[in-house]
**Student:** 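Have a look at this one.
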Amino acid sequence: MSFVWESSVLAIIAFGILYFLLNKYAFGPLFSVMEKRRELVLQQMNEAAQTREQAVSYVEEQKQALQTARKEALEIIEQSRQTSSKQTEQLIDQAKVEASRIKEEAVRDIQNEKNKAVEELRGELGAASVKIASKLLQKEVSSDPEQEALVDQYLKEVGGRS
Amino acid sequence: MHKSPIIMLGGLHIDLSIVLMLLVTCTIVFVLALLATRNLSVENPGKLQNFLEWAVEFVQGLISSTMDLKKGKPFLSLGMALIMFLFVGNLLGLPLGIVTDYHDAEHAKVFGKEIVSVTKELDKLHADAEAGTVNSDSHEEPEVGVAWWKSPTADPAVAMGLAVMIFLMTHIVGMTRNTKNYFKHYFEPYPFFFPINLIEQVSKLLTHGMRLFGNIFAGEVLISVILKLAALGVGGWIASVLGLIVWQGFSIFIGTIQAFIFVMLTMVYFSQMLETHDEH
């Protein structure tokens, strides 16, 4: 085994050329690609974190919206319940008033009819009594208004007593 | 022991097997990296891209375990290139070996160049044979084997070359980015520790390179020894096959571990050079 210093120089030269070529044609592009991938992964991770944050805030928003909607629905139900009970009362009151009014009117009508019937009956009775009286008295009692009034008065006294 | 095919080129000793194996290693690593980064995709990476990214994250883990990752970012591609180069280099010597034998100096030639290591060895063997004619009982022809295919890191010069490269890099980084602390740390905790600190630096360099070389070289030596077992007959052949299976598996483990350790130590040395004592 001999030590030839020229071999050392050859080795250094060969390695130098190899290093230069590798650096230029292989490692440069490789390192840049690795760097690019690192950036890509970093960017995607950032994006994922952002998306997650957005999702969380969105869910929170939705929850709040749901809460307010529920509250509003409850309010509306309560309100409608109140108005409906009020309306019922009103309707009942109205119906009562109407009923009493109708009843009153009916009573008044009956009174009127009764009065009218009594009046008519009285008139007819007067005329009939006059006729009867005239038939009885023949010509003694003329049918002038003075005598008729007298008969009427008499009959009224009779009716009022009866 | 196999020789290295060394030729003289312009006054320099060029080890052809090292040249070949460095070329093969660099080509495999580069093709692998290119295949892995051919269809780069951010969202749908392929299998090879996934594997390379796993390696990148592994090296990132190594760096961040020794220093602040922000400070260590410039060393990421260095660590990646180192670990891929060493991993492939450490494992290359395992699957096969190419050995050529030479008997005389006339034929020991490549591309018309003399393989000096072989001719020198042959000359030595011939001289020994002539000197020992009296007690040499056989007329064995001198033979020299040359290994062409082996792990580049199984050569001490290559392993030390890489270690020296890291050594220079760490010290340059320390001097330029951490000047005050760099020069101060040689005289800590007391000025007379200076020689010890110097020795520490040198020993770091030596152990860094020699650990890698020793592990890989020993693995290949043991493989060649196990292969020689096969010459002992049927029993030896069976033993060598079984031994090879076990040792090849273990060598893969060692090659991986050594690549990891080399890169890990590189990062530790960088972090030591960048260390500031402000936070204490």
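Excluded from the calculations below are hydrogen atoms, water molecules and symmetry mates; all remaining heavy atoms, backbone and side chain alike, are included. Just so it is clear: chains get the letters A, B, ... in the order the sequence lines come, proteins before strands, and each one is counted from 1.
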**Student:** How long is the straight-line distance from CD of A:Q62 back to CG of A:L66, given to the nearest 0.5 Å?
**Tutor:**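 Answer for the CG-CD pair, A:L66 versus A:Q62, is 8.0 Å.
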
**Student:** Between B:G209, B:S77, B:P45, which shows the greatest number of heavy-atom pairs under 4.5 Å with chain A?
**Tutor:**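 Looking at each option in turn, the highest pair count goes to B:S77.
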
**Student:** Okay, side chain of A:E6, backbone of B:I14: is any donor-acceptor separation there less than 3.5 Å?
**Tutor:**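 Checking the backbone N and O of B:I14 against the side chain of A:E6, no donor-acceptor pair under 3.5 Å is found.
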
**Student:** Using non-hydrogen atoms and a limit below 4.5 Å, what part of residues 157-170 of chain B faces chain A?
**Tutor:**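 The stretch touches chain A at B:A157, B:V158, B:M160, B:G161, B:L162, B:M165.
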
**Student:** In terms of heavy-atom proximity below 4.5 Å to chain A, should B:I18 be classed as side chain, backbone, both, or neither?
**Tutor:**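 For B:I18, the contact with chain A is made by the side chain alone.
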
**Student:** Above 12 or not: heavy atoms from other molecules or residues under 6.0 Å from CD of A:Q79?
**Tutor:**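 No - once you tally the heavy atoms of other residues, nucleotides and ligands closer than 6.0 Å, there are 12 at most.
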
**Student:** Could you label the plane-to-plane angle of the B:F260 and B:F58 rings as parallel, tilted or perpendicular, counting under 30° as parallel and over 60° as perpendicular?
**Tutor:**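 Ring orientation of B:F260 relative to B:F58: tilted.
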
**Student:** Of all heavy-atom pairs between B:N90 and B:S151, which one has the smallest distance, and what is that distance?
**Tutor:**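 Shortest heavy-atom contact: O-OG, 3.1 Å.
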
**Student:** B:V19, B:T153, B:L34, B:L76: which one forms the most heavy-atom pairs within less than 4.5 Å of chain A?
**Tutor:**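 Ranked by heavy-atom pairs under 4.5 Å with chain A, first place is B:L76.
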
**Student:** Distance check, rounded to the nearest 0.5 Å: B:H208 atom NE2 versus B:F213 atom CZ?
**Tutor:**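 If I round to the nearest 0.5 Å, the distance is 15.5 Å.
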
**Student:** Quick one: does B:W149's side chain have a donor or acceptor within less than 3.5 Å of a partner on B:S17's backbone?
**Tutor:**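 No; zero donor-acceptor contacts below 3.5 Å.
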
**Student:** With a strict 4.5 Å heavy-atom criterion, list every residue of residues 19-38 of chain A that contacts chain B, or say none.
**Tutor:**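 Within residues 19-38 of chain A, near chain B: A:Y19, A:L21, A:L22, A:N23, A:Y25, A:A26, A:F27, A:P29, A:L30, A:F31, A:V33, A:M34, A:K36, A:R37.
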
**Student:** Given a strict heavy-atom distance threshold of 4.5 Å, which part of B:M21 is in contact with chain A: side chain, backbone, both, or neither?
**Tutor:**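 Contact with chain A: none, neither part.
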
**Student:** Quick one: CG on B:L20 to CG on B:D15, what's the gap to the nearest 0.5 Å?
**Tutor:**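 It comes to 10.0 Å.
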
**Student:** Of the backbone (N, CA, C, O) and the side chain (C-beta and beyond), which part of B:L82 lies under 4.5 Å from a heavy atom of chain A, both, or neither?
**Tutor:**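 Both the backbone and the side chain of B:L82 come within 4.5 Å of chain A.
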
**Student:** Distance from B:K150 atom NZ to B:E220 atom CD, nearest 0.5 Å?
**Tutor:**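 That separation rounds to 8.0 Å.
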
**Student:** To the nearest 0.5 Å, what is the distance between CG on B:L78 and CZ on B:F270?
**Tutor:**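 So the gap between those two atoms works out to 5.5 Å.
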
**Student:** Do B:M273 and B:M175 make a side-chain contact, defined as non-hydrogen atoms from C-beta onward lying under 4.5 Å apart?
**Tutor:**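 No, too far: nothing below the 4.5 Å cut-off.
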
**Student:** Can you confirm whether A:K156 sits close enough to A:Q153 that some side-chain heavy atom of one is under 4.5 Å from a side-chain heavy atom of the other?
**Tutor:**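 No, side chains not in contact.
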
